[in-house]
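These notes concern the structure reproduced below.
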2 protein chains.
Amino acid sequence: MNSNGNLNTELVVPEVVIRRLPLYVRILTQFSNRGNEVISSEQLGLLLHMTPAQIRKDLSYFGRFGKQGRGYDVTILEQKLRTILGLDRAWNAAIIGMGRLGRAVVSYPGFAPEGFNILAAFDTNEDIVGQNISGLRVKSISQLATTVKKFDIKIGIVSVPIQHAQEVIDTLVKSGIKSILNYAPLSPEVPASVNVNSIDPVLSLQSMTYYMK
Amino acid sequence: MNSNGNLNTELVVPEVVIRRLPLYVRILTQFSNRGNEVISSEQLGLLLHMTPAQIRKDLSYFGRFGKQGRGYDVTILEQKLRTILGLDRAWNAAIIGMGRLGRAVVSYPGFAPEGFNILAAFDTNEDIVGQNISGLRVKSISQLATTVKKFDIKIGIVSVPIQHAQEVIDTLVKSGIKSILNYAPLSPEVPASVNVNSIDPVLSLQSMTYYMK
DNA sequence: GTTTGTGAAGGATTTCACAGCA
DNA sequence: TGCTGTGAAATCCTTCACAAAC
């Protein structure tokens, strides 16, 4: 993109592009597991249902990873993208809310293989605090800040009922957390420096019904 | 928008707009439950962290619901949007995959109050078929097509492991389902007439890490 | 005075189309 | 020949700004 060096640090990459990179990583991993060494933007596009041009443009924000006439080396591209996304290391997370939803989230086997480790669980309910759930001893939320520091926790997962969600998110923010995965159905109030991503299946259903007639 | 009548049927509403409508509905419901009768686009914007202009523009795709100098009647706007989205009726769903994830989904108490009723559960595993889970007798997937017809099921929820997801989605499509809520981590192959929405917390985490340094 | 509804402007994102390289 | 990388064009989406309505 810029040609004074090989770093693109002055360019802000659009957030839509960042949200697509994990899709590329996923397909590249699958593709290399099937023994393929090279992939073209066209093949990637077919697998992801997007245009080859978009994939090439997205990748061009970060460098020139392909070879003309050939395509991309699957392993190298995967590794580059993992580094760009910060997926070349593990990330520690804490979950707040150990009701039905929280229990389902901690027992979901999809996080750990991707390097996301839920190291601590919290709840306000005194009946739940102290219980052992999926190998985690549930702590009182009053211990959140010290636990975050002690275990180098960078991600907060919110699985409390909506009435408590904003309060819990405020507590996470105060404890220094900058990234929140939110399962409660609200648009939380957070400082601009904090990133919230919400998982909201009801919203998905409610927009799908528009097209169902 | 067009001024020959009051119908905007020839205009295609952008999908981004449709995806925001459920947010408006949610806030309007909360706002009316607190006893408010009128809301302005500015108030809505503050609650949803978006600009008032965007909200007014979004609503203008469907009609003129506000009163200048006053704002929007909360109850009327909520009702109009529910009708537009098809939320003025209930929708029947079936879930396929009754492992840990499927059990969590059927026991999630957030669907039914919004009019999404999971009426049937399926699995391929013979140990699970026949079990009673959250009041649903798990059926064999071979009964999917007849059950879809019998119970007027319009939505398929996919909570099987990734290896079986595409096959299950093919089966749903063959049975006539046009709307799929997918919890498996893949970009499924479906005809253009079928709508798939994926819930993928790992993708969310993997893009958040880009900003965590 | 207040707030909507909306053309027009501005900004962001996607796609095109092709030079350049393997 | 085949495919990338990328300016330019096209498209899509958001914001502005103000006339009109209450």
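Here the structure is a predicted model, which is why all the values come from computation and not from measurement.
Side-chain atoms of A:Arg64 stay outside donor-acceptor range of the base of D:dG5, with no qualifying N/O pair under 3.5 Å. Not a single donor-acceptor pair, N or O on each side, falls under 3.5 Å between the base of D:dG2 and the side chain of A:Lys67.
Dashed line: the shortest gap from a side-chain N or O of B:Gln68 to OP1 or OP2 of C:dT2 is not under 4.0 Å. The phosphate of D:dC22 has neither OP1 nor OP2 within less than 4.0 Å of any side-chain N or O from B:Tyr72. Residue B:Arg20 places at least one side-chain N or O closer than 4.0 Å to OP1 or OP2 of D:dT14. A close approach under 4.0 Å does not occur between any side-chain nitrogen or oxygen of A:Arg19 and OP1 or OP2 of C:dT13. The side chain of B:Thr51 contributes no N or O atom lying less than 4.0 Å from OP1 or OP2 of D:dT14. Between B:Ser41 and C:dT4 there is a side-chain N or O to OP1 or OP2 distance below 4.0 Å.
In this structure, B:Lys80 places its NZ atom 16 Å from C1' of C:dT4, rounding to the nearest Å. The distance between atom CG of A:Asp73 and atom P of D:dT4, rounded to the nearest whole Å, is 13 Å. Remark: P of D:dA9 and CD of A:Gln54 are 21 Å apart, rounded to the nearest angstrom. The distance between atom CG of A:Leu44 and atom P of D:dC3, rounded to the nearest whole Å, is 13 Å. B:Glu15 places its CD atom 16 Å from the P atom of C:dT13, with the value rounded to the nearest Å. With rounding to whole Å, B:Gln43 atom CD is found 8 Å from C:dT3 atom P. Per the geometry, CD1 belonging to A:Ile55 stands 16 Å off P belonging to D:dT6, to the nearest Å. Remark: C1' of C:dT3 and CG of B:Leu46 are 14 Å apart, rounded to the nearest angstrom.
Side-chain atoms of B:Asp58 and B:Tyr24 include a donor-acceptor pair closer than 3.5 Å. For the residue pair A:Glu189/A:Gln166, the side-chain donor-acceptor check at 3.5 Å is not satisfied.
In the set D:dT15, C:dT3, C:dT13, the nucleotide with an atom closest to the side chain of A:Val16 is C:dT13.
Base engagement by A:Arg56 is indicated by at least one non-hydrogen atom pair under 4.0 Å involving a base atom.
A heavy-atom distance below 4.5 Å is not found between the side chains of B:Tyr183 and B:Asp200. Side-chain contact between A:Ile18 and A:Leu21: present, with at least one pair of heavy atoms (C-beta onward) separated by less than 4.5 Å.
Checked by atom type and distance alone, the side chain of A:Asn182 pairs as donor or acceptor with a backbone atom of A:Ala184 at under 3.5 Å.
Toward the 5' end of DNA chain C, the nearer of the two residues A:Val17 and B:Arg70, judged by each one's closest nucleotide, is B:Arg70.
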